[in-house]
Structures are given as C-alpha cells and as structure tokens.
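To start, the structure under review is shown below, and the notes come after it.
Remember, it's 1-based here, ligands and their atoms both numbered in the order they're listed.
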Amino acid sequence: MEKTWWKESVIYQIYPRSFNDSNGDGIGDLKGITEKLDYLKDLGIDVIWLSPVYKSPNDDNGYDISDYQDIMDEFGTMQDWEELLQEIHHRGMRLIMDLVVNHSSDEHAWFVESRKSKDNPYRDYYIWRPGKDGHEPNNWESAFSGSTWEYDEATNEYFLHIFSKKQPDLNWENPKLRDEVYKMMTWWLDKGIDGFRMDVINFISKVTGLPDAPNPNGKKYASGSEFFMNGPRIHEFLHEMNENVLSKYDIITVGEMPGATVEDAKHYTGHDREELNMVFTFEHMDLDSGPNGKWDLKKLNLLDLKDNISKWQTGLNGEGWNSLYLNNHDQPRMVSRFGNDKEYRVESAKMLVTFLHMLQGTPYVYQGEEIGMTNVRFDSIEDYKDIEILNMYHEKVIEGNEDLSKVMESIYVKGRDNARTPFQWDESEHAGFTTGEPWLRVNPNYKEINAKQAVNDTNSIYHYYKKIIQLRKNHTIIVYGDYELLLPDHETIFAYTRSYENQKLLVVTNFSRESAPFTLPAHVELNTPELLISNYEVAADDITSFDLRPFEARVYKSKIRYGKLPLK
Ligand code: NOJ
C-alpha cells in the first residue's frame, strides 16, 4: 500500500463559531483560533479542518455561502485568515477548508442574478422548474423539513434546495458553473491551503428528469435521496475536478458522502481512480436510528457497529482509504452517544478514542472531544439555534401536534447543537469562550469539564489523546496494518487485531459499564506482547484471558520475532 502523509495525519475539526471568541461579540472568530494553535500543536494535531468561514448570512451557520472568496464578517478579515494560515504552517501543521458547492446561499451574486429572469446568463447556475398542476415540481422532502422546492414569483418557477430554502442547489450540469467552482478552488489552493473537506459532495449530480420519490406511506413529501446521492455523473464530475484542480497540488481531499456504500467508496477513493482521498461514510452514524430517520431513536446494538466497521475496514484495505470519526458538528457528542457521560465519562471517552484511532484510516478529532465534552439538555426550545432542530420542532410540535417531551428527547439525543455549544476552555464565566454573551449557551458542566483542568491533570482524557496520537506517529502498523475482527458475536467487547509485516496489534475495548471476561481466540498468536496503552492500571498478567473493567481499553503490540530491526 502506498504510504502518504495524509494517511499518517491526525485531523482536528474546528467549528469556528464555537471555538474561541477574541473580540467579545459572543461568536468565535479567526483570531480566536490563532490564539489557540499552540494548544492544538501540543495535542499532536497535523491538520486543521475549518468548517466554513466564508461570507454567509448564516441561515445554516456558514454552510450557506454568499461569497466563496471572502471571509464572514463575524469571523474577521482576509488578513486574519492569512495570518491564521501562516501561523498554522509556521507550527508545521496544515489547513484544509470546507468546500460547500452542492449549494450556495440565495444571497450569492449568482443566485441574485439567476432569479431575475429566465434568460439571465446565471439562470442555469441553479435548478429551476415550472410547477406541476399547481404544486412543486416533485415530492422530494428537504433535509431540513418541508419541500425541496421554493416558489419564486419573479419568474413563476420553483428552485431546488435539498437543504434550507436559503441554500439553492447549484446546477453541476452547467459546465460554466463547474469552471467557476474549479477557478475558486484553485484560488484558495494558490493561497497555500492544504486541501478540502467537501460538503455533501456526492449530491452534486441529480438524476435527469428529477422524478417523484416513491411514497408508500402517502406522506406529504418523501425522501428523494436515491435521485441525487451518488448520481449518474458524480464520478465524471469528481474526475474532472481532480484533473483540473486537485491533481496539481499535494493535498488532502475528503468528501462528505451520506448514502455512500463501501463499494461506492472504492470508486471515490481508489488510488487509480483520480477522484478523492477519502470519504466520510454515514453508515455507522445511522445505526441508532429507526426506520423514520435520525429523530426516530433506537438503541445501538454493538453487533451492528462491529459489522459495519469491519465491512469498511476490510472493504477499503488496499483499495481505498477510510476516514475515522465518531462525531462532528452535525452529530451528538461521542461520549454521550457511544460511551457514558456520567460516572464513566473519563474511562469511556478514552476507550472510544482507543477503539477509533487504532483502526486503519485517517482519524478526525472534533473540537472538545479531546476533553470529553458532552451532550447538553436545554429546557426551552428557545435556547436552540440550529435550523434543522428548529424546522423539525416546528413541523412536529407546532404544525403536527406531536408529543413535546418525545420531540425534546430526540433533540437531546440527536440534535446538532449538542456539538455546537461553545468550547469549554476554563471554569470562568461562559467557560472562557467569550467575554460577551455566547451565541449559543455554554454547557452548564463547564466548571468540571474544561481544557484548563484537562491540561493540568496528567490522567485526563486530553493527555490520553496526546499519547494515542503519538502512538500513531511512532508505529507504522497503526496506520497501515490489516484489520481482523475478533469475537464477532460478543455483545459488549469490541476486539480486533492489526497485522503489518511481522508485527501484530491487539485492541480490546469494552463498550459497557459491566465488567466482562476476555479470552484471546486460539488462532491469534502474540509473541512477548507489550502493553502500548490502556485506560486503567494494568498488572503484567496473562493476556490470553483477563477481566475487562467498565469501558476498559487495552492495546498490545507483539514484538518482532526475527532479525535485529528496531521496534517501530
Ligand atoms: C453537511 C454539513 O456538515 C451540515 O452542517 C450542513 O447543514 C449541510 N451539509 C448543508 O450544507
């Protein structure tokens, strides 16, 4: 397998609005990020991914862009951005930017023109259709509730928006639009950035004719995702983008891809395909949802997680590349979702990062995860700011009369604001995030959970992250080794091995608050195993069978059997 720096990197995602506010307006900003770069360098981070910082009316916190080549007022200026890039590079780190080109803001100059008249030169930059029998052109449901179509009086037509009505979809069928996008990407790359995370990039090719979605339950709107996820021209577009832009630079590319399967990912990330380096799969994020989507809560079955992770680990081995994540700005906090955010918060956060970072792929750390930040429960809907939450609440509670407590519970478990509460820097007011009023309330647990406390306590989650990130840098096997699942039917222990040349890693994690006996399967041979890391004190005992404590994690590495090669 080809070795590359982006396979060996650890990436840290910053959601700028919630990271660090330098000017007291309650909103995180670029200077605030620059102030904290030493913190990230100390953690061992190689690459920083910034969620969008471009000009935006903030209907969806920057994922609605009105100018791709300028900076959002609240975040600072282009000069602040240049300084940030310079300071990142100065510390030997890299920067990747969010590329949001499935849609723009309705306030983007292209759309302002496009909606003016049917013969405007920008008309075809977006997807316009006449109504059908006085209704929307089709029955697709928006990701943020309601129809994906918005009627526009000026020209008596509808435009498509898979997300909010302030996020019209760009028309990738139009070669002029594609050229503009490639030019804009080149402009950023020439400024010296090190790659892109591409927002819902597998949505850019829509099925011709935009047919109605099947609607067996007779709902008002139905999911049309099969007509725009991994659509007919997607590989052609990504290949063209690669040829025109990406291939000219030594960069990281990661495509956010809801609905992409392992087979799709082989096509998107295969080394001879010339498309992208890796994708964000959603499959493991959907395992705790029922048939009615993300708000339909379901308890996670660990066996489903094992199946899924194993499928991606073995499927992409040598054929593509995995990105590894358990949370981001759209997902609940991982310690609350997969671990225990109460008495075993520290143990379970350490267990989860062990489980994730020992897999094959490039790991992503989402801000605050490294100090074990948790989900939040605000009593009032007024305290929530996310458009997805608010639209869903409106549809279900205000219009739909659904049970309020059930809806609130689903927000507590799955709402995106769980991940967006301000970063908890210290125990001072507003967790040291701002001297003003934060745009979203701080999680009330900031007095116990904050970076200052974590940095000062050598037993903290933060120090464990430092150690685990360092391990990846010192052991090639962690990056490149082959994966094999052990104990496939065990309901609480997730154990696997990694093999590389003549070395082996054994990773054993307990996903439960109950202790569990572990027995090493007979076929796994380990030669004088060495404990690399664990989240509890471990006596030098027999590793073929031991009791795992609540949320315990251990990693053993077996030594090289022959020759005089140094341990690496
Ligand atoms: C995915 C982004 O991660 C999410 O935050 C956003 O709302 C949608 N795409 C639309 O851009």
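Scanning the protein for heavy atoms near atom 8 (C) of ligand 1, the closest one is Phe163 CE2, 3.7 Å. In terms of protein heavy-atom proximity, atom 1 (C) of ligand 1 is closest to Asp199 OD1, 3.0 Å. Here the heavy atom of the protein found nearest to atom 6 (C) of ligand 1 is Asp60 OD2, 3.3 Å. For atom 5 (O) of ligand 1, the closest non-hydrogen atom of the protein is Asp330 OD1, 2.7 Å.
Close contacts of ligand 1 with His103, meaning ligand atoms under 4.0 Å from a residue heavy atom, involve 10 (C), 11 (O). For ligand 1, the atoms lying closer than 4.0 Å to a non-hydrogen atom of Phe144 are 7 (O). Within the listing of ligand 1, atoms 4 (C), 5 (O), 6 (C), 7 (O) sit less than 4.0 angstrom from a heavy atom of Arg416. Listed by number with element, the atoms of ligand 1 under 4.0 angstrom from any heavy atom of Glu256 are 1 (C), 3 (O), 9 (N).
With Trp425 as the aromatic partner, Lys36 meets the cation-pi criteria of under 6.0 angstrom to the ring centre and within 45 degrees of the ring axis.
With a heavy-atom cut-off of 4.0 Å, Glu388 does not touch ligand 1 at all. Contact annotation for Met198 and ligand 1: no heavy atom of the residue comes within less than 4.0 Å of the ligand.
The pair Asp199-Arg197 meets the salt-bridge criterion, with a side-chain N (NZ, NE, NH1 or NH2) lying under 4.0 Å from an Asp/Glu carboxylate O. Ion pair Arg420/Asp386 flagged as a salt bridge, since at least one NZ, NE, NH1 or NH2 atom sits closer than 4.0 Å to an Asp/Glu carboxylate oxygen.
Look at Gln331 and you'll find every heavy atom at least 4.0 Å from all atoms of ligand 1. Within the 4.0 Å heavy-atom shell around ligand 1 one finds Arg420.
Looking at Lys165, Arg416, Arg17, Lys385 one by one, the single match for salt bridge (Lys or Arg N to Asp or Glu O under 4.0 Å) with Asp60 turns out to be Arg416.
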Could you go step by step and tell me if Lys220 and Glu141 meet the salt bridge (charged side-chain N to carboxylate O under 4.0 Å, His left out) rule? CA-CA 8 Å; Lys220 189 161 179 204; Glu141 181 172 35; over 6 Å; no
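If you look at His108 and Tyr125, their ring centroids are not closer than 6.0 Å.
The distance from the CG atom of Leu160 to the CG atom of Asn138 is 7.5 Å, given to the nearest 0.5 Å.
The side-chain heavy atoms of Glu240 and Arg178, taken from C-beta on, include a pair separated by under 4.5 Å.
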